[in-house]
Amino acid sequence: MKKTILCAALALAACGAQAQKMHAPKGGTPISEDFLGIFFEDISYAADGGLNAQLVQNGSFEYSPNERDGWGPGTAWKRVAYGHSTGYIDYVRGIEQLNKNNPTYMRVVIERIENSKSDFDGWYGVGLANEGFDGIYIQKGKKYHFSAFLRNTAGDAKDVRVVLQGMKQFPKMLSFGETTIKVDGKDWKKYEAVIEANEDFANASLQLIALQEGVMDVDMVSLLPEETYKGHGLRKDLCEALEGLKPKFVRFPGGCVVHGGGDGFWNTYRWETTVGPKEERVQLKNTWAYHQTMELGYYEYFQLCEDLGAAPVPILPCGVSCQGANGGWNIPEQNQWAVPMEDMEIWTQSALDLIEWANGPADSKWGKVRAEAGHPEPFGLKFLGIGNEERITPEFEARFKYMYDRITKEHPEIVIVGTCGPGSHPENPDYQNAWRIAEETNMPILDEHYYEKREYFFDNQHNYDNYPRSRKTKVYLGEYASKDRKLIDALAEGLYLLGCERNGDVVAMTSYAPLFAKKGHESWNPDLIYFDNARPYLTCSYYVQQMFGQSAGQYYYGNCVKLEGVTEEKFAGQSVVLNVKTRQLFVKICNADTHPITAKLNLGRFPGFKSAEITTLSGDLQAENYFDAQPIAPVTESIKLKKNASLEIAPSSFVMISIKL
């Protein structure tokens, strides 16, 4: 156990040790270089229909009424027949399927082909059409990669027309790009093609139209844009928005997604089933009442972390369910289920296997799985979360400690992140029990969560000033947000983060939540980034988070800026952060009041200034960036700055001054 504590402490203090070698000026407080990260949970269609660049919805025909009333294998699909051709579609399950994890497929029966001149300009044949997620958004000149598993069950080989189709004015059918493939085998075979769009269209469908009679089976239909983030199958514009935050870590896959939807443990998220070939992954009911294809699985999460230059922070279940399942927030003590203790070795071995998959050599059991997926080198996992905001009951405690002891014994180099329960406030019994367990086990980091009205963040900026410095356990503020998406909420969050930065000896990591929400499909409000099929909508909170990400450093200085003209202390704050690696100094000032204030800088202790820029986010306190017109965005300009300067800070603003030393 002592070795575990030492390794964890070294991991958290590494940045400070490195900074000391670089002779930072005196008076600074070491802060964690992992201070700001992001938390991704598949909520509000954040994965399928969002970050996953897949344009086809329900391409494997595995949707189920268990997930949502009225859903089934045909959800997002429809039969199409042109030119007086006739036929029908029907799904088949569990008979000669593609594989055991993908048991459902669609059968297309083409009874008659008639190539008759019709209202549809000579279109003929029978097949399937997919509507995508709120339509399929295509752009002129862009290429799209189509693939599907098909087999010619009966009849002669079939020419299949694959079309990006749309209708601008009924009954005028338009092809926005197409190709033809020949399905000639009676066994499952993957067919692939590239289609180039000849026009912009927001609401296209993908159609597979058989041109000869007979029977054809269809499964795993896919349409991906050629341009994805670093070629790894994720939506480029959304990933670029994440890149703009400069996150130091990514926590995933949840959130409540981790421990399932509360129907039992059958739909608990199991990482092992998300890392193989996509057609063999186990798809799952989503906690938030939709479907997870797992096309965005653990392999893609780790790859995204690598592409962003961020540390992966996977969160694993610990044998206890979410107490909020099936209305359990009203009577949570009756809705937390726990697996038998004799089964906990299975859950623990899953965690040990994940460490081997991420860090093991390519010839190890799980390292081989990673290597076969295309990543022979280890990912370099350092953090591992156990549990997600479960109530800290005796059942939870026993199971958590079992996993914690086993994992730290075998892997003392891994920093375990614990959980503080669903409401991280000192008067909450879960909070009290979580900190007791943290102290008993010398846990490296404990994950706190809270969503509150903006007044809470204004009034509690000194929350972490009062945390006992005797604690060895650091704080990870893993989920938090002011409960609206206006500029005033972003400023409240910014002031609170300044307080966290001031207490960098206590608060090691922070991440806003939730990260993504598809417009029209929100399960939660607010979210950091909204999006539709065409673009992301960056909130005021996003830009505040971005400034903290851009101003990462190793040392905090709290006595370099004096604010004057402040009517209420809680509406203004400041910090100075030094990055000794990049030789940059960052001054952040927040003015959430309705009149300007004056910032007097005293930066004489720092080396000579080479250049400076000032970035300002300001506007109407009630403005938000959810709509097409986005009035709030930061403005950056070069300035001449002396070490002793006086600056006027605009009302309703967050300011970052970047100084090159």
Without hydrogens or angle criteria, can the side chains of Tyr496 and Asn463 be said to hold a donor-acceptor pair below 3.5 Å? yes
Just to verify, what does Tyr556 make a ring-ring contact (aromatic ring centres under 6.0 Å, His included) with, not counting sequence neighbours? none
To the closest 0.5 Å, what do you measure between CD1 (Ile589) and CD1 (Ile657)? 5.0 Å
Ring pair (Phe, Tyr, Trp, His ring centres under 6.0 Å), that's the test. Do Phe252 and Tyr301 meet it? Break it down for me. CA-CA 8 Å; Phe252 60 88; Tyr301 283 125; 4.7 Å; yes
With no hydrogens and no angle check, just 3.5 Å: does a side-chain donor-acceptor pair link His259 and Glu390? yes
Please name all residues satisfying salt bridge (charged side-chain N to carboxylate O under 4.0 Å, His left out) with Asp593, sequence neighbours left out, ordered by chain then number. none
For Asn442 and Arg471, which I'm curious about, is there any donor-acceptor pair between the side chains at under 3.5 Å? no
Between Lys248 and Glu33, does any NZ, NE, NH1 or NH2 come within less than 4.0 Å of an OD or OE carboxylate oxygen? no
Asn460: side-chain hydrogen bond (donor to acceptor under 3.5 Å, both in side chains) partners, not counting sequence neighbours: none
Donor-acceptor pair, side chain of Asp447 and main chain of Gly418, under 3.5 angstrom: no
For Glu440, the side-chain hydrogen bond (donor to acceptor under 3.5 Å, both in side chains) test, sequence neighbours excluded, returns Lys401, Arg436
Please list, chain by chain and in numerical order, all residues satisfying side chain to side chain contact (heavy atoms under 4.5 Å, CB included) with Asp620, sequence neighbours excluded. Gln622, Ala623
Name every donor-acceptor pair, under 3.5 Å, that has one atom in a side chain of residues 508-515 and the other anywhere in the protein, sequence neighbours excluded.
unit_1 : atom_1 : unit_2 : atom_2 : d
Thr510 : OG1    : Phe35  : O      : 2.9
Ser511 : OG     : Tyr476 : OH     : 2.7
Ser511 : OG     : Gly478 : O      : 2.8

Distance-only polar pair, side chains of Glu493 and Ser541, donor-acceptor under 3.5 Å: yes
Look up atom OG1 in Thr594 and atom CG in Leu621, then write down how far apart they are to the nearest 0.5 Å. 7.5 Å
So, using salt bridge (charged side-chain N to carboxylate O under 4.0 Å, His left out) as the criterion, who are the partners of Arg502 when residues are at least two apart? Asp465
I'd like a table of donor-acceptor pairs (distance under 3.5 Å, sequence neighbours excluded) in which one partner is a side-chain atom from residues 596-613, with atom names and distances.
unit_1 : atom_1 : unit_2 : atom_2 : d
Arg605 : NH1    : Lys26  : O      : 3.4
Arg605 : NH2    : Asn559 : OD1    : 3.0

Is the NZ or CZ atom of Arg454 both under 6.0 Å from the centre of the six-membered ring of Tyr456 and within 45° of that ring's axis? no
With Ser44, which residues qualify under side-chain hydrogen bond (donor to acceptor under 3.5 Å, both in side chains), at least two apart? none
Does Gln461 have any side-chain hydrogen bond (donor to acceptor under 3.5 Å, both in side chains) partners at least two apart in sequence or in another chain, and if so, which? none
Residues Glu479 and Arg251 bridged, charged N to O under 4.0 Å: yes
State whether Phe396 and Arg399 meet the cation-pi test: NZ (Lys) or CZ (Arg) under 6.0 Å from the six-membered ring centroid, and within 45° of the perpendicular axis. no
According to the ring pair (Phe, Tyr, Trp, His ring centres under 6.0 Å) rule, which pairs have a member within residues 629-661, sequence neighbours left out? Phe548-Phe654
Please identify each residue that fulfils side chain to side chain contact (heavy atoms under 4.5 Å, CB included) with Gln432, with sequence neighbours left out. none
Kindly confirm or rule out a cation-pi arrangement of Arg370 over Tyr299, judged by NZ or CZ under 6.0 Å from the six-membered ring centre and within 45° of its axis? no
